[in-house]
Amino acid sequence: MLKIVVLISGGGSNLKTLLEAADSGNEPFTVVAVGSDTDAAGLSYAQERGIPTFITRPSHHDTRDAWGAAFLTEIQKHHPDLVVSAGLMRILPSNFVEALSPNLINTHPALLPLYPGAHGVRDALAAGATETGVTVHIIDTGVDTGPVIRQHTVSVLPGESEADLHERIKAVERPLLVHTVRDIATGAIQLDQLSNA
Ligand code: GRF
């Protein structure tokens, strides 16, 4: 059974889908803890299941590296096989990334390497893209630059708002993330072979 820690900053619909999949009893992974940088609403999905949660706030640390080290310490208490960033809206410092790589993945709402950063959906719309999508990738020390594991394309509808497009991307993103974690758990995906490290 692959033990995962999920990291979030917001609503946590990707987390919820991972938890529901694990609840089914048919998946080769289990969520052992959920961490955040803030009072993320999605932490409730873990709390209602009795799964441990933790918050490590950047404002309580002098530097980004110090925050990363403290966050890492909390994560490692749960001895995960895989750490999944599912809507964690922070750039992770290199000490953090190097300690967990390549067993540290992220989901991003665009077809990387297009539209990295915090506004992947907005940037695709601003560029006039007719298609965009979602990428699950290994986190490296750059911003959304790590090796791609899986991608799925989503067409952009004429006149669509950022919120509507993001919701349609998330409808594809949630099952893609579950499928990817399942394949990592079974060995169908081998992160060390995809990694540049
Ligand atoms: C996802 O689209 C993720 O790719 C992006 O933020 C969103 C988080 O959604 N970084 P949720 O909190 O899982 O609902």
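In listed order, ligands and their atoms are each counted from 1. Computed from a predicted structure; not experimentally measured.
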Residue list, salt bridge (charged side-chain N to carboxylate O under 4.0 Å, His left out) with D164, at least two apart or on another chain
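Salt bridge (charged side-chain N to carboxylate O under 4.0 Å, His left out) check on D164 returns nothing, list empty.
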Do T135 side-chain atoms and A110 backbone N/O form a donor-acceptor pair below 3.5 Å?
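Flag set: sc T135 to bb A110 pair under 3.5 Å.
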Taking T38 for its side chain and A40 for its backbone only, find out whether a donor-acceptor pair lies under 3.5 Å.
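Here the side-chain-to-backbone pair does not exist.
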To the nearest 0.5 Å, tell me how far N95 CG sits from L72 CG.
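The distance works out to 7.5 Å.
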At less than 4.0 angstrom from any atom of ligand 1, which residues have a non-hydrogen atom? List them by chain and residue number.
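Residues near ligand 1: G11, G12, S13, N14, G87, M89, T107, H108, P109, H166, K170, E173.
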Could you list the donor-acceptor pairs under 3.5 angstrom formed by side chains in residues 125-132, with sequence neighbours left out?
none

Connected hydrophobic set around L114, excluding itself, where side chains approach under 4.5 Å
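Y115, listed by chain and number.
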